[in-house]
Number of protein chains: 2
Amino acid sequence: MAAWKQPLLAVDVVLVRFHPERGLEFGTSERAAEPARGEQALPGVLVRSDESLTDAASRAVGTKAGIADEAVRHLDQLHVFDTPGREDSTVESGRERSWSLAFLGVVDPAAATGEHVRWHSASGPALGLPFDHDDIVDFARQHIRARLWSDVAMTRALTGDSFSTRLGADLEAAATGVQPHASNFHRRLTGLADLERLDEKSPSGGRPAHVWKWRRP
Amino acid sequence: MAAWKQPLLAVDVVLVRFHPERGLEFGTSERAAEPARGEQALPGVLVRSDESLTDAASRAVGTKAGIADEAVRHLDQLHVFDTPGREDSTVESGRERSWSLAFLGVVDPAAATGEHVRWHSASGPALGLPFDHDDIVDFARQHIRARLWSDVAMTRALTGDSFSTRLGADLEAAATGVQPHASNFHRRLTGLADLERLDEKSPSGGRPAHVWKWRRP
DNA sequence: TCAAAAGTGTTATGATTACACCCATGT
DNA sequence: ACATGGGTGTAATCATAACACTTTTGA
C-alpha cells in the first residue's frame, strides 16, 4: 500500500439564526481566497489534524465569519459532500476532487455578527452561492424542517432558552411554510415534555402571548 | 497557510442483510492489517483521491469483505466518526486522530458472501468490535429503525424487490423489537404507495401470505 | 377436520385539524 | 369601547392499535 495522497477535508458551516423580526436566515461570508474570491459562500476551513471535526466547524465560524464562540448555540453534522472539481483545485490538472463535511451552525440572533456575515432570508430564492453550497443549504433546510420540535437541542438553539408562543409559531411557519393555527400550536407546545409554560407574557399588539422555557441545561 | 497534514479519511461500512430465516444481521470481516489484526471489524478502506466516497465504500465491501458489487443493494452515508487515537496510528506519537465516514451497506441475503464475512444477529448483544465500531453499528441500527418503510430505497434493499407479508412483518419486528399485529401490518403495507400487492401467495405453515412488489425501478 | 397462520371487520383510542368563541392587552 | 391577536372548548377527521372472527392452506 503506497503513500496516500488524499483530497483535503474541509468543513463548511451553514449558519442559521431565527431572528424575531427578520425570521429564519442563512448566513454567508465573503471568500478571502481563490477560487470564488470575493463571493459570498459558506464559511469553511480545512480541518487540522489536532482538532475534532466540531472544533474545526467552530473555527470556521470564528475565523471566516467572525462570530464569537458563545454566539454559536448548536453545531450539528449534516453530510459529507463529495464533489469532483470544486474549490482549492489550485493550479494544475483542472478537476480535483474535494470533500466538504457540512455542519449546521445555529447562531444567537441577538449576537452581533459583524460585517463579515451577510444574512439571507430562508424564504427567499436560492442564494446563488458558488460550488455546491446551494445544495448544502438546501440539505440544511430539510434537516431543520424534519427535526424542528423533535430535536430539542437544535430547536432550543433556534428559539433561545425561552420564547413566546408567537415566536415559536413563526419559527414553525418559517421552517414548514405554513402558519400553524395559534390555538393548536399552543397545545402542541404544552405537549412537549421539555417545555414549561411560564406566567410571563410577551406583548404583541393584541393579547400578550405566553412565554415558554426549556427545562434543564 | 502552511502545507496541511491531515489524518486520512477512511470509510467503514456497516454491512446489513435481512435473511428470511436468520433475520436481521450485521456483517463483519477479519482485519488483515494492524492494529487489531485478526479481529472481526467493519470492512473499511482509506479513500483514494480518484474515487467518490460511495465508490470507496463499495470498494471496501468488495476488497475487505469479498462481496460482489451486485450483491450490495444500497449504500447510504451515515456519519463521520472522529476519534482520537484509533486505527492506523502507525508507529509514533501514540495517539493519532482518525476519521471514519460510516456507510450503511445493505446486502442481498441470497448472495454468497464467502468466508471473509461473518454475520451476527442484530438482536444479539453488542458485537465487541475494535475501535468505535460498536458505536457505529449502533448508529446504523437506529438509522434503520427510523427509516424503515419511509425510506423506500433502504427498505427495498432490505426486503428485495418483492416479499411476503410475513417477511415484511418479521423485518419490522427485527428493526423495532415488537412484532406487529399481522392484520394491521397488512393494512400498513396496503397504504404504502410504492407497494403493490400481487395475487401470488407464499406458503408459511398456515394460510399463505400475499406477496408485495415494489413499484418502479 | 384440525392446526396454523393470514386477512377482514369492526371498534376503541388518540392525535390532528378546524373553527367558534372568549380573554387580555394597547389605544 | 374597539381593534388585535392569544387561548380555551369542542367537534370532525384521520391514524393507530386491539381483538374477535373468517379464510386458506398443509397435514
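Throughout, protein chains are lettered first and strands after them, A, B, ... in sequence-line order, and every chain is numbered starting at 1. Side chains included, hydrogens not; waters and symmetry mates left out as well; all remaining heavy atoms used.
- Closest-nucleotide positions on DNA chain D for B:Lys201 and A:Trp212 were compared, and the one nearer the 5' end corresponds to A:Trp212.
- Closest-nucleotide positions on DNA chain C for A:Ser183 and B:Val211 were compared, and the one nearer the 5' end corresponds to B:Val211.
- A:Asp170 has its CG atom 8 Å from the P atom of D:dG6, to the nearest Å.
- Atom-to-atom, NE2 of B:His181 to P of C:dG9 comes out at 18 Å; the value is rounded to the nearest Å.
- We find that CZ of A:Phe185 is positioned 17 Å from P of D:dG5, with the value rounded to whole Å.
- A parallel orientation is assigned to the rings of A:Trp214 and A:Trp149, their planes being inclined by less than 30° (bins at 30° and 60°).
- Judged by the 6.0 Å distance and 45° axis criteria, A:Arg17 is positioned over the aromatic ring of A:Trp119.
- Remark: P of C:dT17 and NE2 of A:His186 are 17 Å apart, rounded to the nearest angstrom.
- Put simply, the side chain of B:His186 reaches to within 4.5 Å of the side chain of B:Trp212, judged on heavy atoms.
- Put simply, the side chain of B:Val107 reaches to within 4.5 Å of the side chain of B:Thr113, judged on heavy atoms.
- Atom CG in A:Leu192 sits about 13 Å away from atom P in C:dA15, given to the nearest Å.
- Among the protein residues, B:Thr165 comes within range of the sugar-phosphate backbone only, with heavy atoms under 4.0 Å from sugar or phosphate atoms but none that close to a base.
- For the pair A:Asn184 CG and D:dA11 C1', the computed distance is 12 Å after rounding to whole Å.
- Sequence order on DNA chain D of the closest nucleotides to B:Gly205 and A:Thr190 puts A:Thr190 first from the 5' end.
- Among the heavy atoms of the strands lying under 4.0 Å from A:Ser204 are primed sugar atoms or P, OP1, OP2 only; no base atom is included.
- Note: CZ (A:Arg207) to C1' (C:dT27) measures 19 Å, nearest angstrom.
- Checked by distance alone, B:Arg187 brings a side-chain donor or acceptor within 3.5 Å of a matching partner on the base of C:dG9.
- For the pair B:Leu189 CG and C:dA6 C1', the computed distance is 12 Å after rounding to whole Å.
- Here A:Arg166 lies in heavy-atom contact (under 4.0 Å) with sugar-phosphate atoms only.
- Between B:Phe139 and B:His79, the ring centre distance stays below 6.0 Å.
- A:Ala182 comes within 4.0 angstrom of no nucleic acid atom, judged by non-hydrogen atoms across all strands.
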